[in-house]
Engineer: 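Let me begin by handing over the structure; questions about it come next.
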Amino acid sequence: QVQLVESGGGSVQPGGSLRLSCEVRGDALSTSCLSWFRQTPGKKREGVAGSYGPNSYYADSVKGRFKISQDSAKNTVYLQLNNLQPEDTAVYYCAAQRAVAAWCSSYWATGLYHYWGQGTQVTVSS
């Protein structure tokens with residue numbers, strides 16, 4: 001049984017930073033496409049960042065501000081959120097899918113993942 005356990009959301013002012021964590025229990029990071037999505041009420045879930053091993057992928061809206069990383073020793077994937085803006089306010093979800101690198105590079109933002117975290121709220125306001 002694979003479980004994704006998220007933590008690290010919260011409230012910050014514009015320009016602030018947060019780090020989200022997603023512990024992957026029951027599977028190995030090395031054989032999974034690991035990604036972060038976000039969703040606001042009434043909107044479609046949006047792919048924010050994806051990773052497969054050393055490779056990472058980002059939505060245009062967050063490039064240069066967000067960074068996805070992995071710690072294989074802790075079996076955890078992180079999302080560092082910098083220079084947060086009000087439009088970044090959303091529930092953030094981590095997702096995992098056993099895959100090959102080519103699948104991840106092509107489909108990381110599609111939402112076709114077998115495993116999802118419970119979601120963590122990020123609120124950016126002054």
Side-chain angles (χ1 to χ4, degrees):
Q1 182 81 11
V2 177
Q3 283 186 301
L4 306 184
V5 181
E6 298 179 37
S7 60
S11 296
V12 296
Q13 293 186 339
S17 298
L18 286 171
R19 189 177 78 159
L20 308 183
S21 300
C22 175
E23 181 187 359
V24 180
R25 300 177 180 175
D27 205 356
L29 301 187
S30 61
T31 56
S32 296
C33 184
L34 300 160
S35 297
W36 289 92
F37 288 76
R38 64 186 180 187
Q39 190 168 26
T40 54
K43 289 191 177 180
K44 186 180 175 182
R45 193 171 293 186
E46 173 193 19
V48 173
S51 68
Y52 192 97
N55 302 312
S56 56
Y57 316 98
Y58 297 95
D60 288 342
S61 58
V62 306
K63 275 181 185 175
R65 299 190 300 124
F66 292 8
K67 182 176 175 62
I68 190 169
S69 62
Q70 300 178 13
D71 183 335
S72 57
K74 296 182 179 179
N75 231 42
T76 298
V77 58
Y78 302 98
L79 186 66
Q80 179 68 41
L81 296 76
N82 296 324
N83 191 22
L84 282 160
Q85 301 301 316
E87 55 266 32
D88 296 316
T89 295
V91 178
Y92 284 71
Y93 299 89
C94 64
Q97 176 65 38
R98 291 177 186 147
V100 296
W103 183 93
C104 195
S105 67
S106 296
Y107 300 112
W108 71 269
T110 60
L112 298 174
Y113 290 78
H114 202 75
Y115 305 107
W116 291 86
Q118 79 278 14
T120 186
Q121 177 71 45
V122 171
T123 302
V124 186
S125 69
S126 54

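The first residue in the sequence is number 1, and the count goes up from there.
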Engineer: Flag the pair Pro14 / Pro86 as yes when at least one side-chain heavy-atom distance between them is below 4.5 Å, and no otherwise.
Structural biologist: yes

Engineer: Is it the case that one hydrophobic cluster holds both Val100 and Leu34, taking links as side-chain heavy atoms less than 4.5 Å apart, direct or via other members?
Structural biologist: no

Engineer: Applying a strict under-4.5 Å side-chain criterion to I, L, V, M, F, W and Y, I'd like to know whether Val48 and Leu4 cluster together.
Structural biologist: yes

Engineer: Minimum heavy-atom separation for Glu6 and Trp36, please, with both atom names.
Structural biologist: OE1-CZ3, 3.8 Å

Engineer: Can you give me the closest heavy-atom contact between Thr31 and Tyr52, atom names plus distance?
Structural biologist: CA-OH, 4.0 Å

Engineer: Does the side chain of Gln3 come within less than 4.5 Å of Tyr115's, by heavy atoms?
Structural biologist: no

Engineer: Between Tyr113 and Trp103, what is the ring plane arrangement, given parallel below 30°, perpendicular above 60°, and tilted in between?
Structural biologist: perpendicular

Engineer: Are Leu20 and Trp108 co-members of a hydrophobic cluster defined by side-chain heavy atoms under 4.5 Å apart?
Structural biologist: no

Engineer: What are the two closest non-hydrogen atoms of Ser56 and Ile68, and how far apart are they?
Structural biologist: CB-CG2, 3.6 Å

Engineer: Within this structure, what is the CG-OG distance for the pair Leu84 and Ser125, rounded to the nearest 0.5 Å?
Structural biologist: 11.5 Å

Engineer: Check Val24 against Val2 and note the closest heavy-atom contact, atom names and distance.
Structural biologist: CG1-CG1, 4.4 Å

Engineer: Is there a side-chain contact between Val5 and Arg25 in this structure, where contact means two heavy atoms from C-beta onward sitting under 4.5 Å apart?
Structural biologist: yes

Engineer: State plainly whether one hydrophobic cluster holds both Phe66 and Val12, where clusters connect Ile, Leu, Val, Met, Phe, Trp and Tyr through side-chain heavy atoms under 4.5 angstrom apart.
Structural biologist: yes

Engineer: Between Asn82 and Ser17, which heavy-atom pair has the shortest distance, and what is it?
Structural biologist: OD1-OG, 3.0 Å

Engineer: Under 6.0 Å between ring centres: does that hold for Phe37 and Trp116?
Structural biologist: yes

Engineer: Taking the side chain as every heavy atom from C-beta outward, state whether Glu46 and Ser61 have any pair of such atoms under 4.5 Å apart.
Structural biologist: yes

Engineer: SG of Cys104 to CG of Asn55: how many Å apart, nearest 0.5 Å?
Structural biologist: 8.0 Å

Engineer: To the nearest 0.5 Å, tell me how far Tyr78 OH sits from Glu23 CD.
Structural biologist: 9.0 Å

Engineer: Please tell me if the side chains of Arg38 and Val122 come closer than 4.5 Å, counting only heavy atoms from C-beta onward.
Structural biologist: no

Engineer: His114 and Gln97: which non-hydrogen atoms are nearest, and at how many Å?
Structural biologist: N-OE1, 2.6 Å

Engineer: Once rounded to the nearest 0.5 Å, what's the spacing between atom OG of Ser35 and atom OH of Tyr93?
Structural biologist: 15.5 Å

Engineer: Looking at CG of Leu79 and OG1 of Thr120, how far apart are the two atoms once the value is rounded to the nearest 0.5 Å?
Structural biologist: 11.0 Å

Engineer: Nearest 0.5 Å, what's the OG1-CD distance between Thr89 and Gln121?
Structural biologist: 7.0 Å

